[in-house]
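Remarks on the structure that follows.
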Amino acid sequence: MNDYPGRVKTGLNSRENWWSDMPPRTGRGPRPGRWAILGIAFILPSMVPAAVDLFTDGATAKELVIAALLVVYGSCYVLFPLSLRPSHRKTTYVASVVMLLIGLALVFLHDTNPYVLIYATAVLAFTLPPAWAVILDGGALLLVLGVHLALGRDDFGDLIAVTSITAAMFFMANLVRAVRKLEAANREIATLAVAGERERLARDLHDILGHSLTTITVKAGLARRILESGKDDPRALQEISDVENLTRSALSDIRATVSEYREVSLSAEVAGARAALRAAEIDADLPHAVDNVDPSLQRTFGYVLREAVTNVLRHSGAKRVKVRFGKTWLEIEDDGDGGEVEEGNGLRGLTERLAAVGGTLTATAPSAGGWLVRAEVPESAVRSGARTPLTEPAGGCA
């Protein structure tokens with residue numbers, strides 16, 4: 001059977017599962033008192049006939065031995081759940097083997113009737129790793145079969161019935177193991193889903209607030225400088241009005257992001273970038289339309305443009321920014337300070353966004369100065385219909 005990444009192996013299709021203990025119980029399970037009542041009810045069919053023989057016809061030495069062994073055997077059966085705690089694994093193994101040996105002794109003392117062995121084989125199936133359960137239960141049944149053959153018996157109906165019940169208990173125990181592993185996997189998936197949602201929210205809030213607050217800061221600074229100079233009051237009022245509108249837009253985007261209704265538009269990001277760069281007094285060479293970009297990539301390229309322009313406003317000290325689009329590529333180049341390219345959270349998050357659609361992101365510092373950020377998706381990935389998943393990649397922008 002092929003292995004797949006993230007696959008939970010719950011059955012007997014791996015060597016590890018054959019030798020692993022029963023996974024811990026995830027829920028409350030049956031109460032000890034309730035199991036004691038059920039265990040006594042299950043063991044009574046074997047205890048009652050022995051007690052009747054003991055108190056009616058008088059007790060022989062053999063019957064006293066059988067009665068004593070039945071009491072110990074029944075006690076092991078009723079109390080075996082107490083040994084299932086992870087800290088008592090050695091006790092579990094010893095108690096299971098002792099119970100099996102007592103069961104075999106009862107079989108041979110009671111006219112080789114194998115039915116009493118069912119209790120021990122069932123306990124081993126539920127308490128020991130599957131491999132040990134097969135070895136010990138199978139060995140015990142083969143031993144009983146050998147004794148039958150040595151005694152010349154040809155009636156194997158009881159032994160076949162016990163073997164069938166033991167096999168049923170074995171596969172039922174394996175089903176319990178699978179259910180417990182799936183429950184543990186579901187809990188882990190739920191935890192990862194919560195963590196992924198938090199990272200998605202952090203990513204989108206960064207994309208919104210990082211760009212919007214940077215633009216607001218630039219426009220507010222420009223308005224302050226205009227007011228301090230005492231010139232062009234109408235322009236200062238316009239910049240303050242833009243700050244107010246940007247604040248309202250950011251609040252609206254935050255609400256939409258939390259509700260998972262927000263979508264990034266490349267055309268809107270081009271318009272926003274033009275306004276932000278103009279407010280920062282940076283010469284912006286931007287396309288006037290985005291029709292030449294593949295529609296399936298416009299959302300992803302919108303994120304790239306937003307993050308790149310935000311970085312220009314924050315760090316570059318650029319005087320000119322040039323943006324160019326192609327069907328499956330996007331370039332943002334500035335003439336700022338440049339320097340060594342360091343992959344921060346923003347670039348790492350954009351790299352993950354592009355990887356989700358089969359693309360790549362490169363950020364280089366050309367010899368002439370400034371920065372060049374290029375996002376590109378191969379035509380083959382676009383034709384295959386790769387799309388950004390509903391749950392955002394884990395890196396996030398910060």
Side-chain angles (χ1 to χ4, degrees), residues 199 202-204 206-208 210-211 213-215 217-218 264-290 292-294 296-382 386 388 392-398:
E199 290 168 351
R203 174 197 296 274
D204 281 353
H206 168 274
D207 290 345
I208 296 168
H211 179 78
L213 292 179
T214 300
T215 306
T217 301
V218 171
V264 172
S265 166
L266 180 57
S267 58
E269 294 304 325
V270 170
R274 181 177 285 109
L277 293 171
R278 183 178 64 247
E281 299 180 345
I282 297 175
D283 183 18
D285 183 3
L286 298 170
H288 294 282
V290 297
N292 58 329
V293 179
D294 190 283
S296 66
L297 299 178
Q298 291 193 11
R299 180 171 180 263
T300 301
F301 283 179
Y303 278 113
V304 176
L305 179 60
R306 174 184 283 249
E307 179 65 24
V309 170
T310 300
N311 286 336
V312 169
L313 295 173
R314 285 179 175 174
H315 311 302
S316 71
K319 296 299 182 183
R320 186 172 185 275
V321 173
K322 181 179 180 181
V323 178
R324 288 291 178 267
F325 297 140
K327 181 179 180 181
T328 60
W329 59 270
L330 161 68
E331 283 188 352
I332 305 99
E333 184 177 6
D334 66 69
D335 63 350
D337 299 332
E340 184 178 353
V341 178
E342 296 182 1
E343 183 176 332
N345 290 332
L347 289 178
R348 185 162 52 250
L350 292 180
T351 300
E352 292 179 0
R353 288 187 189 276
L354 282 162
V357 295
T360 57
L361 180 81
T362 57
T364 58
S367 57
W371 273 63
L372 174 64
V373 176
R374 179 180 176 88
E376 187 171 8
V377 180
E379 294 260 359
S380 58
V382 176
T388 303
E392 298 290 353
C397 301

Do [X] and [Y] come close enough that some side-chain heavy atom pair is under 4.5 Å?
X    : Y    : result
Q298 : E269 : no
I332 : V304 : yes
E379 : K327 : yes
I282 : L313 : yes
L354 : F301 : yes
V293 : L330 : no

Gap between atom [atom2] of [Y] and atom [atom1] of [X] - 0.5 Å precision:
X    : Y    : atom1 : atom2 : value
L361 : T300 : CG    : OG1   : 11.5 Å
N311 : T214 : CG    : OG1   : 8.5 Å
L350 : T360 : CG    : OG1   : 12.5 Å
L305 : L286 : CG    : CG    : 7.0 Å
T362 : L372 : OG1   : CG    : 6.5 Å
T364 : R374 : OG1   : CZ    : 10.5 Å

So, for [X] and [Y], which heavy atoms are closest and what is the spacing to 0.1 Å?
X    : Y    : value
V290 : S267 : CG2-CB, 4.0 Å
P378 : G359 : CD-CA, 4.2 Å
D334 : A318 : CB-CB, 3.8 Å
W371 : A363 : CZ3-CB, 3.9 Å

Checking the side chain of D335 only, and the main-chain atoms of K319 only, is there a donor and an acceptor separated by less than 3.5 Å?
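Here the side-chain-to-backbone pair exists.
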
Any carboxylate oxygen within less than 4.0 angstrom of a Lys/Arg side-chain nitrogen, looking at D285 and K322?
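So D285 does not pair with K322 through a salt bridge.
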
